[in-house]
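To start, the structure itself, in structure tokens.
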Amino acid sequence: MTDLPLTLIDGGTPRGPTDLFDRLAQLGVLHRTMHHAPVFTVPEARRLRGRLPGAHSKNLFVRDKKERHWLVSCLSERTLDLKWLANELGTKRLTFCSERRLVGYLGIRRGAVSPFAILNDTGGAVQVALDADLLAAEPLNFHPLDNAMTTTVSTAGLLRFLEAENHPARIVSFPDHTG
């Protein structure tokens with residue numbers, strides 16, 4: 001991990017977990033948060049599962065050559081085919097975004113990607129795509145802009161948050177194969 005300053009592309013300072021919790025409360029979205037050691041990968045996060053019921057996610061920040069950005073959340077067990085995902089999102093090729101882009105657009109570091117990071121995309125540069133099967137599960141668990149915490153919300157609460165932040169989710173039906 002690099003020591004890039006946490007500065008958004010518009011020069012602003014990103015909002016953090018407390019800002020997110022305040023926003024969720026303002027929207028009437030019930031949530032609970034568990035603190036834990038930082039986790040950077042799905043395998044590292046699996047150790048939390050026994051203590052944290054509900055669906056767990058794999059979250060990607062990707063872009064195409066036309067500089068369109070997507071934050072994609074799917075069930076953590078999914079094996080992702082980026083060619084399939086690119087086609088599903090209406091583009092030709094997706095690549096993972098650099099940490100500089102992650103900080104600039106979402107105001108977070110690696111390991112903290114989740115739909116909650118859209119809180120920092122005030123310019124609307126990032127589109128959100130969510131796994132239909134993930135949304136069918138209750139409750140949902142995501143990092144709240146910090147990978148040393150996991151916040152649990154309902155599916156309805158997540159969708160309410162995204163709508164209120166002007167980032168309505170595109171629902172994607174992933175192929176059935178999981179890893």
Side-chain angles (χ1 to χ4, degrees), residues 1-49 51-63 67 69-74 76 96-131 134-135 139-170:
M1 180 167 6
T2 63
D3 290 325
L4 290 173
L6 280 178
T7 303
L8 299 171
I9 58 171
D10 66 5
T13 301
R15 292 178 277 179
T18 301
D19 301 303
L20 171 66
F21 302 147
D22 289 347
R23 182 66 171 138
L24 292 174
Q26 178 186 37
L27 295 169
V29 174
L30 298 176
H31 58 92
R32 68 179 181 278
T33 299
M34 182 177 101
H35 294 259
H36 50 74
V39 293
F40 293 90
T41 65
V42 169
E44 288 176 355
R46 283 194 178 115
R47 70 177 185 253
L48 301 174
R49 301 245 170 99
R51 298 182 297 161
L52 204 54
H56 296 266
S57 61
K58 179 182 295 185
N59 299 279
L60 314 170
F61 187 44
V62 294
R63 68 179 180 94
E67 297 296 315
H69 295 79
W70 288 270
L71 194 159
V72 180
S73 297
C74 64
S76 64
F96 290 98
C97 289
S98 66
E99 186 167 8
R100 184 171 303 282
R101 285 178 188 269
L102 189 61
V103 169
Y105 287 94
L106 299 176
I108 56 173
R109 302 235 185 253
R110 291 191 192 280
V113 178
S114 84
F116 292 140
I118 221 66
L119 184 70
N120 285 313
D121 181 35
T122 57
V126 180
Q127 298 174 59
V128 177
L130 301 176
D131 181 348
L134 176 68
L135 295 179
L140 305 175
N141 296 291
F142 301 103
H143 293 306
L145 312 174
D146 183 330
N147 66 339
M149 294 185 258
T150 299
T151 296
T152 303
V153 296
S154 67
T155 298
L158 174 65
L159 295 174
R160 185 178 320 135
F161 166 75
L162 292 171
E163 289 282 340
E165 293 300 313
N166 297 312
H167 285 79
R170 176 175 178 173

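For reference, positions follow the sequence shown, starting with 1.
- Every residue two or more places apart in sequence or in another chain was checked for a side chain to side chain donor-acceptor pair (under 3.5 Å) with Asn120, and none qualifies.
- The backbone N or O of Ser114 lies less than 3.5 Å from no partner atom in the side chain of His143, so there is not a single donor-acceptor pair.
- In plain terms, the two heavy atoms of Ala169 and Leu159 that are nearest each other are CB-CD2, 4.2 Å.
- Pairing each heavy atom of Thr122 with each of Leu119, the nearest pair is CG2-O, 4.1 Å.
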Check the pair Leu130, Ser73 against side chain to side chain contact (heavy atoms under 4.5 Å, CB included), reporting the backbone distance first and the verdict last.
-> CA-CA 5 Å; Leu130 301 176; Ser73 297; 3.6 Å; yes

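- At least one side-chain heavy atom of Leu8 sits under 4.5 Å from a side-chain heavy atom of Pro14.
- Expressed to the nearest 0.5 Å, how far CG of Leu71 lies from CG of Asp121 amounts to 9.0 Å.
- Remark: Ser154 pairs with no residue by the side chain to side chain donor-acceptor pair (under 3.5 Å) rule, at least two apart or across chains.
- Closest of all the heavy-atom pairs between Ile108 and Ala117 is CD1-CB, 3.7 Å.
- In terms of heavy-atom proximity, Glu99 sits nearest to Arg110 at N-NH2, 3.2 Å.
- Within the 4.5 Å cutoff, the side chain of Cys97 has heavy atoms near those of the His69 side chain.
- Looking only at side-chain heavy atoms (C-beta outward), Val128 and Ile118 come within less than 4.5 Å of each other.
- Considering CG of Leu140 and OG of Ser57, their distance stands at 8.0 Å, rounded to 0.5 Å.
- Side-chain atoms of Phe61 and Leu106, non-hydrogen and from C-beta on, do get closer than 4.5 Å to each other.
- To the nearest 0.5 Å, atoms CD1 (Ile9) and CZ (Arg100) are separated by 12.5 Å.
- With sequence neighbours excluded, the residues satisfying salt bridge (charged side-chain N to carboxylate O under 4.0 Å, His left out) with Arg63 are Glu67.
- Residues Pro168 and Leu162 are not in side-chain contact: their nearest non-hydrogen atoms beyond the backbone lie 4.5 Å or more apart.
- Summarising the geometry of Ser76 relative to Lys58, their closest heavy-atom pair is O-CE, 3.4 Å, with the distance given to 0.1 Å.
- Legend: ring pair (Phe, Tyr, Trp, His ring centres under 6.0 Å) pairs involving residues 144-167, not counting sequence neighbours, sorted by first then second residue: Phe116-Phe161.
- Between the CZ atom of Arg109 and the CG atom of Leu145 there is a distance of 13.0 Å, given to the nearest 0.5 Å.
- Side chain to side chain, His31 and Thr152 fail the donor-acceptor criterion of an N or O pair below 3.5 Å.
- Partners of Thr151 under the side chain to side chain donor-acceptor pair (under 3.5 Å) rule, at least two apart in sequence or in another chain, are Thr33.
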Indicate every side-chain donor-acceptor pair of residues 16-29 with a distance under 3.5 Å to a residue at least two apart or in another chain.
from: Asp19; atom 1: OD2; to: Gly16; atom 2: N; distance (Å): 2.8
from: Arg23; atom 1: NE; to: Glu165; atom 2: OE2; distance (Å): 2.5
from: Arg23; atom 1: NH1; to: Gln26; atom 2: OE1; distance (Å): 2.6
from: Arg23; atom 1: NH2; to: Ala164; atom 2: O; distance (Å): 3.4
from: Arg23; atom 1: NH2; to: Glu165; atom 2: OE2; distance (Å): 3.3

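- In this structure, the separation between CG on Leu135 and CG on Leu158 is 7.0 Å, given to the nearest 0.5 Å.
- Under the 3.5 Å distance criterion, with hydrogens and angles disregarded, no donor-acceptor pair is assigned to the side chains of Thr150 and Asn141.
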